[in-house]
Amino acid sequence: MKMFLSRLAVKRPITIVMITLAIIILGYVSLAKLPIDLLPNIEIPISAVSIYYPGVGPQEIENLITIPLEGAISTVSNVKKVRSVSSEGRALVITEFKFGTDMDMALLEIREKVDLIKRYLPTDISNPVFLKLDPNSIPIVEISVSGSADLFELQDFANTTLKPQLERLGGVAAVDVSGGLKKEIEIILDTGKMQQYGLTLDGVAGLIAAENLNLPGGTVLKGDQQLTIRTVGEFESIDQIKNLRVMLKSGRAILLSDIAEIKITHNQERGINRVNGARCINVGVRKQSGTNTVAVAREVLAAIETIGVKYQHYQIVPIINQADYIQNSINQLVENAIIGSILAIAVLFLFFKNIRTTLIIAVAIPISIIGTFVLLYFYGINLNLMTLGGLALAVGMLVDNAIVVLENIFRIREEGKNSSKAAVYGAGEVAMAVTASTLTTVAVFLPIVFIDGITSEIFRELALTVTLSLFASLVTSLTLIPMMASKL
């Protein structure tokens with residue numbers, strides 16, 4: 001039984017060659033389809049719920065919002081820890097779940113629990129914001145938009161032109177625009193004049209709100225058509241606000257501009273973006289989960305170049321590109337793996353002093369690696385620093401099985417048996433030994449896959465890559481190595 005694979009390989013060399021070629025083709029196809037990213041898909045089981053209640057102190061926030069939220073969220077399944085932060089105008093509840101929890105389902109359950117208690121919360125709070133901690137959600141490309149135009153125009157261009165075109169690209173999840181200014185109407189009331197006319201702040205604010213409304217007006221029938229009527233009442237210019245009539249108790253009317261200074265300004269700036277010393281708009285592009293970071297970034301850069309040619313009066317410049325860092329890191333790992341393979345082959349040649357023997361080992365290394373790519377693709381593992389680090393780590397171990405099998409084959413060959421029998425018996429004798437040796441190495445790495453915690457999230461794919469590559473080398477050493485030894 002233990003000689004079955006080696007006997008089959010020696011008797012059916014063409015079959016082994018065809019299977020090897022099929023693995024090589026599948027490996028290259030799998031490599032082309034493997035997503036490329038910096039790190040593995042790490043899902044940290046932490047979520048947060050944020051509710052804003054402007055103008056309310058921390059103690060009131062805790063009593064009115066935080067405590068009911070904590071009580072509702074703590075009933076969600078698989079919750080490990082709930083902690084909260086109550087600050088002025090904001091309640092933040094952070095939930096930590098057990099590792100292995102499906103965070104999409106957990107967030108859905110949190111939404112349901114919050115909706116159940118929403119009627120018991122103050123009516124004028126903001127809508128709850130649900131967040132999931134995701135290290136892969138950071139922008140893969142950061143773009144600066146600058147030019148001779150002011151920030152209002154740059155913000156408008158980024159929101160209406162650049163953002164929609166980037167969001168249409170394949171693999172792009174969201175595009176965030178920040179750093180610009182939004183126009184606002186500022187009304188500064190003169191309290192002295194208001195007291196003189198007998199007006200109050202709430203009364204004037206209510207009048208402005210009531211005059212700035214668009215309301216549905218019902219429907220009317222026109223022949224066989226049913227038309228929807230809308231009452232348009234929003235302000236369209238600053239002059240309309242200045243000419244708003246304010247009724248006094250005496251029955252006389254004055255204009256809002258008589259008791260207030262009305263001007264166009266911008267919202268309060270909470271951050272400033274600059275590129276080469278000039279103010280700019282920042283555009284961050286985030287990718288969809290599981291997509292190829294490098295491929296998506298290239299599409300984004302190509303789209304930026306096309307848009308830049310069309311709108312030459314704007315300077316659209318990528319300032320941060322994760323794809324460059326990922327590509328450089330992966331290139332270094334690949335280079336180190338290739339250098340390690342060459343050095344391993346050189347050391348083998350020094351010991352064997354036989355070019356044919358060295359050639360057999362040299363063929364086994366890349367075939368084992370290519371076969372690993374096939375297994376990675378079907379396991380749904382992407383290429384990242386961990387998986388490529390696992391391959392680089394496994395390169396030195398890939399030749400172990402092949403060396404043991406080949407050395408035993410040549411030992412039996414020197415005893416006088418022909419090459420075919422030596423290949424069959426040589427591989428068969430050490431089959432259990434190399435299998436046991438492989439399993440002992442696998443026993444070191446494989447348990448990482450089954451443990452819980454952040455360690456498993458980070459090193460799981462490295463352990464799987466080493467394990468799969470070792471199994472690929474074991475199969476290669478028991479099939480391809482005997483077949484080539486019988487011929488060479």
Practice item. With rounding to the nearest 0.5 Å, note down the distance linking CG in L108 to CZ in F130. Key: 10.0 Å

Exercise for review: Spell out, as yes or no, whether a donor-acceptor pair under 3.5 Å connects the side chain of T161 to the backbone of A158.
Suggested key: no

Point to revise | Sub-4.5 Å side-chain heavy-atom contact between K242 and L256 | key: no

Check your understanding: From I117 CD1 over to L69 CG, what is the distance, rounded to the nearest 0.5 angstrom?
Key -> 4.5 Å

Revision key, fill the gap. In this structure, SG of C280 is separated from CD1 of I316 (nearest 0.5 Å) by 12.0 Å

Point to revise | Whether over 12 other heavy atoms sit under 6.0 Å from D124 CG | key: yes

Exercise for review: Could you tell me which residues satisfy salt bridge (Lys or Arg N to Asp or Glu O under 4.0 Å) with R286, sequence neighbours excluded, listed by chain and number?
Suggested key: D176

**Study point:** S126 side, atom OG; I65 side, atom CD1 - distance, nearest 0.5 Å
**Key:** 7.5 Å

**Study point:** Minimum heavy-atom distance N159-P164, with the two atoms named
**Key:** O-CD, 3.4 Å

Review point. Do other residues, nucleotides or ligands put more than 12 heavy atoms under 6.0 Å from the CD atom of E167?
Key: yes

Point to revise | From CA spacing to verdict: side chain to side chain contact (heavy atoms under 4.5 Å, CB included), I143, I319 | key: CA-CA 6 Å; I143 308 162; I319 52 177; over 6 Å; no

Exercise for review: Check whether any side-chain heavy atom of S47 sits under 4.5 Å from a side-chain heavy atom of I110, and report yes or no.
Suggested key: yes

Point to revise | Flag, side chain of T66 to backbone of V85, donor-acceptor distance under 3.5 Å | key: no

**Study point:** Test item: side-chain donor near acceptor, T387 and E461, under 3.5 Å
**Key:** no

Review point. Would you find a donor on one side and an acceptor on the other, under 3.5 Å apart, between the side chain of E62 and the backbone of Q59?
Key: no

Point to revise | Nearest non-hydrogen partners of I281 and S178, listed with the distance | key: CG2-O, 3.5 Å

**Study point:** V129 vs I51, side chain to side chain contact (heavy atoms under 4.5 Å, CB included): CA-CA, chis, key distance, verdict
**Key:** CA-CA 6 Å; V129 178; I51 294 180; over 6 Å; no

Revision key, fill the gap. Rounding to 0.5 Å, atoms CG (L116) and OG1 (T75) come to a distance of 8.5 Å

Exercise for review: Apply the test side chain to side chain contact (heavy atoms under 4.5 Å, CB included) to residues L199 and I259: give CA-CA distance (whole Å), side-chain angles for both, the deciding distance (0.1 Å), then the verdict.
Suggested key: CA-CA 10 Å; L199 298 172; I259 58 172; 3.7 Å; yes

Review point. Are the side chain of S477 and the backbone of S473 linked by a donor-acceptor contact shorter than 3.5 Å?
Key: yes

Review point. Heavy atoms, side chains only, cut-off 4.5 Å: are M247 and L207 in contact?
Key: no

Check your understanding: Of the non-hydrogen atoms in I241 and I187, which two are nearest, and what is the gap between them?
Key -> CG2-CD1, 4.1 Å

Practice item. Check whether any side-chain heavy atom of Y377 lies under 4.5 Å from a side-chain heavy atom of L31, and answer yes or no. Key: no

Practice item. Compare all side-chain heavy atoms of H313 with those of F157 and state whether any distance is below 4.5 angstrom. Key: no

Point to revise | Residues F445, T465; criterion side chain to side chain contact (heavy atoms under 4.5 Å, CB included); working and verdict | key: CA-CA 9 Å; F445 290 95; T465 303; over 6 Å; no

Point to revise | Flag if over 12 foreign heavy atoms under 6.0 Å of CE, M18 | key: no

Review point. Between G71 and S74, what is the shortest heavy-atom contact and its length?
Key: O-OG, 2.9 Å

Revision key, fill the gap. Between V434 and L474 the two heavy atoms that sit nearest each other are CG2-CD1, 3.8 Å

**Study point:** Closest approach of M103 to P45 (non-hydrogen atoms, all atoms of both residues)
**Key:** SD-CA, 3.5 Å

Point to revise | Under the salt bridge (Lys or Arg N to Asp or Glu O under 4.0 Å) test, residues paired with D239 that sit two or more places apart | key: none

Check your understanding: Any luck finding a side-chain donor-acceptor pair between S77 and E109 under 3.5 Å?
Key -> yes

Review point. Between V296 and I140, is any pair of side-chain heavy atoms under 4.5 Å apart?
Key: yes

Check your understanding: Given S50 and R90, is the side chain to side chain donor-acceptor pair (under 3.5 Å) satisfied, shown in steps?
Key -> CA-CA 7 Å; S50 178; R90 186 190 183 193; 3.1 Å; yes

Revision key, fill the gap. Residue pairs passing the ring-ring contact (aromatic ring centres under 6.0 Å, His included) test with at least one member in residues 24-70, sequence neighbours excluded, are none

**Study point:** Any R83 side-chain heavy atom under 4.5 Å of E70 side chain
**Key:** no

**Study point:** Side-chain touch V275/V145, heavy atoms, less than 4.5 angstrom
**Key:** no

Study note, to complete from the structure: Rounded to the nearest 0.5 angstrom, the CD-OG distance for Q240 and S237 is 4.0 Å

Review point. Pick one: which of T435, T476, T438 meets side chain to side chain donor-acceptor pair (under 3.5 Å) with N401?
Key: T438

